[in-house]
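Here is how names work: the chains are called A, B, and so on, in the same order as the sequence lines, proteins then strands, and each is numbered from 1.
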Amino acid sequence: MELTYEVAVDAPLATPLTYSQPAGRTTPIPAGCCVRVPLGRRKVIGYVLGPASLTDPAGAEPAFAVKAIAEVIDETPLFPQTLIPFYRWIARYYHHPLGNVLRTALPLAPTSRSGRRVSAKTRKTLTPGPVLLSPLQSGGTTEEVLAAVEYSLDGRLKNAEHKALSLFLDDLRSGGNRPVPRSLLLRRYPGAGPRLTRLVDLGVLCSVNERVYRDPFGQTPVFHPRPAQLTDEQQQVLEALLPAMDRAAFAPFVLFGVTGCGKTEVYLRLVEHALTRGKTALVLVPEIALASQLEAHFYSRFGARLAVLHSGLSDGERFDQWHNVLTGEARVVLGARSAVFAPLEHVGVVIVDEEHEPAYKQEDGLRYNGRDLAVLRAKMAECPAVLGSATPSVVSYHHCLHGKYTLLTMRKRVAEQPLPTVELVDLAATERSRPDLAFSDRLINAMAQTLEQGQQTLLFVNRRGFSSSMLCRDCGAILQCRHCQVSMTLHRSRNLLMCHYCGSTQHPSTLCPACGSPRLSGVGIGSERIEEEVRQLFPEARIARLDSDTTANRRHYLATLQAVRTRQVDMLIGTQMIAKGLHFPHMTLVGVVWADAGLAMPDYKAAERTYSLLAQVTGRAGRGADPGRVIIQTYQPSHYSVRLAQHHDYEAFFAQEIAVRRPLGYPPFSRLVNIRFSGLKEQQVAQAAGRVAEFLRRQYGNNQVDVLGPSPAPLVKLKDRTRWQLLLKSGSSALLQAMCEALLAEKAELCPRSVSMSLDVDPENMM
DNA sequence: AGCACGCCGACT
DNA sequence: GTCGGCGTGCTC
């Protein structure tokens, strides 16, 4: 009976394929191995999922000819078998081909087109050979060992060889009998090369290639000692969480704690507990900025048992980290969203820090949410999932109130620092001496004062400001759709306002519907422009900017933070990424340039994002002795997301937000799937979107699901491609799943190949 | 995805 | 006559 395998191939195929044992091979191939398989006339990469049966349940022969696996690329699996159900679930839930899911999950696997592989880095080291071993084992001084070697070789050692061996013995002792790198000896004795080679030939030394683990930590991170004493709140929270870990059953928790309440120590204790119970731990952070913050804490506590996985690593570093996890050497993984795929086994706790962060959502290819997958991993591993946040997502908090998740609260800041006072500046109501700039006099004066005192300022720019929405210059209202309560988008070319949820349009009225003012205009402020204005206002100040444009590489990011820490920077300007995790004792002023900019987004989550960003930015001040000052500029000081952020009142914000979403049936009262269409020909794209909408309405048009649209996407044209979208909204996740499956089955009939169609399940933003 | 096949327009 | 455009179908 011939062995056959189920193989997920690196091609957009809906199902795995069946292949047989490579010619001439007898041993079975373990699941998780990377192989090369024939597919049509080419060869592609595939992943072995396990044995396959050639007959279907009815006993029928397959209708295809089974081909043999061409090559086993790696004899050791790239991922543990236990994760296969996890990958299958993801493929099904996100409607993504399994082979492509695996390619996303295993970033270092070779691709079908490039055979380039990242390899282990090794170095040549030397260990004692057979001739040297027994004199070493009988102990004695270096001189005695050398004499014994000389004796057993009948005095065949030359002076230079004697010298090289003597240096080797020194290094061996000082290195605690670890293999001695050849390069180390060559540095001390440049001519040692041929001598060492001869010593190897004589059997005195042994040459070994040792794996080198490239150090992703750059310089050694700051050491954080383990605090002897926990706060009462930390104690209480752990009293709930540790027993849950001991029960070894799935249990989701939201750890709701204000900035600076000491959540990190809670995470560390949970991980410690997992390790002492022989389990492993998975810790996710939204982005690299926070990864480097937490890295130092985790590295201090767990050292070599820690692996980090994030986009800031080089391929080589990532390879090493992945393999450390795979071999079981690293038992704690700390990383960004893709670390949710880390090849850990026996996971004892899953932690997601800042769980509300939009950065957990991957916005291209496999559009997964790292936070949601983390919860799923915990479920499959039968362990607790801990979602930490100072501003939990509306959906997670809703689950807490309905008994789906357990809420744990930490209200006190560790050092009892008071939260800073937050001042709102109403941009619409205040006179400005520089109306040409984005700054009010109050903020300019505060910046000047801070600069004079030698303290630092942080300026937060909500870069999501969208230049084509309409803002009232008098009351700050943003024009919204009457049906969807999302902002209308201005289409300059056609001169009309459109809702990108439902597609309805309205003429750009010359008067503000809220206050009747005629002063309406399109708006948008980015961090580059702010930097320019600040340089103009304070030419003598030292200014740095951090945003996704300037932070493509981690070295620059870390260097900028270092410059701020050593007070070589007076003013730091940045976007979201500077809003969290960072704390600088001399940063006494935090300014928010335009707090309500995010409210202009055509997105039902706009208020939630605004609240959490403001709450986070606010937490950045007052970390040192000085409580700090926060100035928030806004056109909408009375909007609940701005007003309640000022008072650090999450519960009130949640209540308001839920009251808005309930009647509109947005999550958590429904699930969404956004179907995106794009293509080079406008007509084809619009037509395909229309046909799909018609198909779904005909098949499923009842009151259990809303099919909204189709409508042009907010960025209708991107890189010459026209984009349309169709939004599905339903209380039934199963119904949405069935609709998407039916749609994909009919895709060929509804949507030509020149139009690409992709599904975004649980969309995070609608752009 | 990638690679075949197949069916219509302007070229040696 | 045929070279080559890209719409469509299939891959164990």
Side-chain angles (χ1 to χ4, degrees), chain A residues 1-25 28-29 31-73 84 87-88 90-91 94-107 109-116 362 364-367 676-689 691-692 695 719-722 743-759:
Chain A
M1 178 66 193
E2 202 184 16
L3 285 171
T4 52
Y5 302 94
E6 199 183 8
V7 177
V9 296
D10 181 20
L13 302 181
T15 59
L17 304 180
T18 308
Y19 288 90
S20 59
Q21 183 81 340
R25 185 187 168 112
I29 306 168
C33 281
C34 184
V35 293
R36 195 183 303 281
V37 293
L39 182 70
R41 334 231 132 168
R42 60 205 172 109
K43 286 206 167 59
V44 296
I45 292 295
Y47 309 94
V48 174
L49 299 174
S53 87
L54 270 183
T55 50
D56 66 11
E61 290 288 310
F64 50 81
V66 177
K67 293 183 187 172
I69 291 171
E71 181 194 353
V72 180
I73 292 173
I84 293 173
Y87 300 137
R88 287 192 198 269
I90 294 167
Y94 289 111
H95 307 285
H96 205 74
L98 185 54
N100 294 352
V101 169
L102 281 160
R103 200 157 39 70
T104 311
L106 315 169
T111 58
S112 297
R113 50 170 62 191
S114 91
R116 191 183 76 92
Q362 171 129 79
D364 58 323
L366 171 61
R367 295 171 170 271
R676 300 146 178 280
F677 301 87
S678 86
L680 293 168
K681 297 199 176 109
E682 278 177 46
Q683 255 201 342
Q684 286 184 345
V685 176
Q687 198 180 46
R691 290 177 62 168
V692 168
F695 167 79
K719 291 193 229 159
D720 291 333
R721 298 183 74 88
T722 300
L743 169 59
L744 289 171
E746 298 292 315
K747 185 179 169 187
E749 278 70 59
L750 298 167
C751 183
R753 277 249 287 253
S754 51
V755 176
S756 83
M757 180 183 88
S758 73
L759 306 185

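- Every residue two or more places apart in sequence or in another chain that forms a ring-ring contact (aromatic ring centres under 6.0 Å, His included) with A:Tyr87 is listed here: A:Phe79.
- Among A:Lys681, A:Gln684, A:Arg691, A:Gln687, the single residue meeting the side-chain contact (heavy atoms from CB on, under 4.5 Å) criterion with A:Val755 is A:Gln684.
- Residues A:Arg25 and A:Val72 form a side-chain contact, since some pair of their non-hydrogen atoms from C-beta on lies under 4.5 Å apart.
- Residues forming a side-chain contact (heavy atoms from CB on, under 4.5 Å) with A:Arg753 (at least two apart in sequence, or on another chain): none.
- Distance, A:Ile45 CD1 to B:dG2 P: 13 Å, rounded to whole Å.
- Among A:His96, A:Arg676, A:His95, the one residue that satisfies the side-chain contact (heavy atoms from CB on, under 4.5 Å) test with A:Arg367 is A:Arg676.
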Each nucleotide of nucleotides 5-12 of chain C classed B (base within 4.0 Å of a protein heavy atom), S (only sugar-phosphate) or -, in 5' to 3' order, makes ---BBBBB
